Amino acid sequence: RHSETAPLPSYDEVLVCTADTEEEEVELLVRRALSLGSQDQKIYCLLGADKLVYKVSKRLESHFFHLVQSSGVTNYRFVIFCNAKAHNSYVITAFDAYKVTFPCYSKAEIQTYLRMHLQVPSGMAPVAQAFEEPYQQNVKFVFSTRAGMGK
């Protein structure tokens with residue numbers, strides 16, 4: 001469902017995949033999505049899942065289908081985003097039966113939605129002030145080769 005007021009996902013709902021994404025990271029997100037407490041309106045997302053290496057893709061498939069059968073959770077929210085042009089991706093093949101086409105929104109619609117949700121409330125002293133930009137946002141991506149080093 002499209003909703004302009006729906007919030008952006010929180011940090012625990014999204015895994016941005018790369019060729020270096022490990023099995024444990026994928027398994028943790030799948031477990032969150034298919035646990036008994038997952039019906040709390042969160043939508044768990046794997047972004048760029050087509051970039052996963054074959055071994056991790058196989059484990060994703062295995063964990064997902066095992067937990068779907070064993071957890072008893074039927075009302076889960078788990079979305080796998082893949083590049084439609086990545087025809088050699090195991091993930092795309094494994095989850096082909098669940099494939100849906102993402103609705104196309106205009107650039108202006110996307111920008112309006114993000115502008116509404118990424119603004120820092122006035123009067124706050126946000127971390128975003130550390131970034132010198134003409135407008136303040138409350139979301140920044142910081143990447144590091146050493147995980148957990150004070151980000």
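Keep in mind the model is a prediction, meaning the values are calculated, not measured.
Contact check for Leu67 versus Arg31: side-chain heavy atoms found under the 4.5 Å cut-off. Residues Ser10 and Lys42 form a side-chain contact, since some pair of their non-hydrogen atoms from C-beta on lies under 4.5 Å apart. The side-chain heavy atoms of Cys17 and Leu47, taken from C-beta on, include no pair separated by under 4.5 Å. Two residues are said to be in side-chain contact when any heavy atoms from C-beta on lie closer than 4.5 Å; Tyr44 and Val79 fail this criterion. Side-chain atoms of Arg32 and Asp12, non-hydrogen and from C-beta on, do get closer than 4.5 Å to each other.
Under a 4.0 Å N-O distance rule, the pair Asp50/Lys85 does not qualify as a salt bridge.
Through chains of ILVMFWY side-chain contacts below 4.5 Å, Tyr54 is grouped with Tyr90.
Looking at Phe64, Phe78, Phe81 one by one, the single match for side-chain contact (heavy atoms from CB on, under 4.5 Å) with Leu46 turns out to be Phe78.
Smallest separation of non-hydrogen atoms from Val53 and Ala19: CG1-O, 3.4 Å.
Distance CD1/Ile80 to CD/Glu61: 10.0 Å, rounded to 0.5 Å. The distance from the OG atom of Ser71 to the CG atom of Leu34 is 5.5 Å, given to the nearest 0.5 Å. Note that CG of Asn83 and OG of Ser89 are 9.5 Å apart. Values are rounded to the nearest 0.5 Å.
When hydrophobic clusters are built by joining Ile, Leu, Val, Met, Phe, Trp and Tyr residues whose side-chain heavy atoms come closer than 4.5 Å, directly or via intermediates, Leu28 is not grouped with Leu52. Side-chain heavy atoms closer than 4.5 Å link hydrophobic residues (I, L, V, M, F, W, Y) into clusters, and following such links, possibly through other members, connects Tyr113 to Tyr105. Using a 4.5 Å cut-off between side-chain heavy atoms of Ile, Leu, Val, Met, Phe, Trp and Tyr, with links allowed through other members, Tyr98 and Ile92 fall into different hydrophobic clusters.
Remark: Ser106 pairs with Glu109 by the side chain to side chain donor-acceptor pair (under 3.5 Å) rule, at least two apart or across chains. Listed by chain and number, the residues in a side chain to side chain donor-acceptor pair (under 3.5 Å) with Asp20 amount to none (sequence neighbours excluded). Listed by chain and residue number, Lys55, Arg59 satisfy the salt bridge (Lys or Arg N to Asp or Glu O under 4.0 Å) test with Glu23 (two or more places apart in sequence, or in another chain).
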Exercise for review: Run the numbers on Leu15 and Cys45 for side chain to side chain contact (heavy atoms under 4.5 Å, CB included), then give the verdict.
Suggested key: CA-CA 6 Å; Leu15 178 60; Cys45 307; over 6 Å; no

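Contacts classified as salt bridge (Lys or Arg N to Asp or Glu O under 4.0 Å) and involving residues 87-106 (residues at least two apart or in different chains) are given here: Asp96-Lys99.
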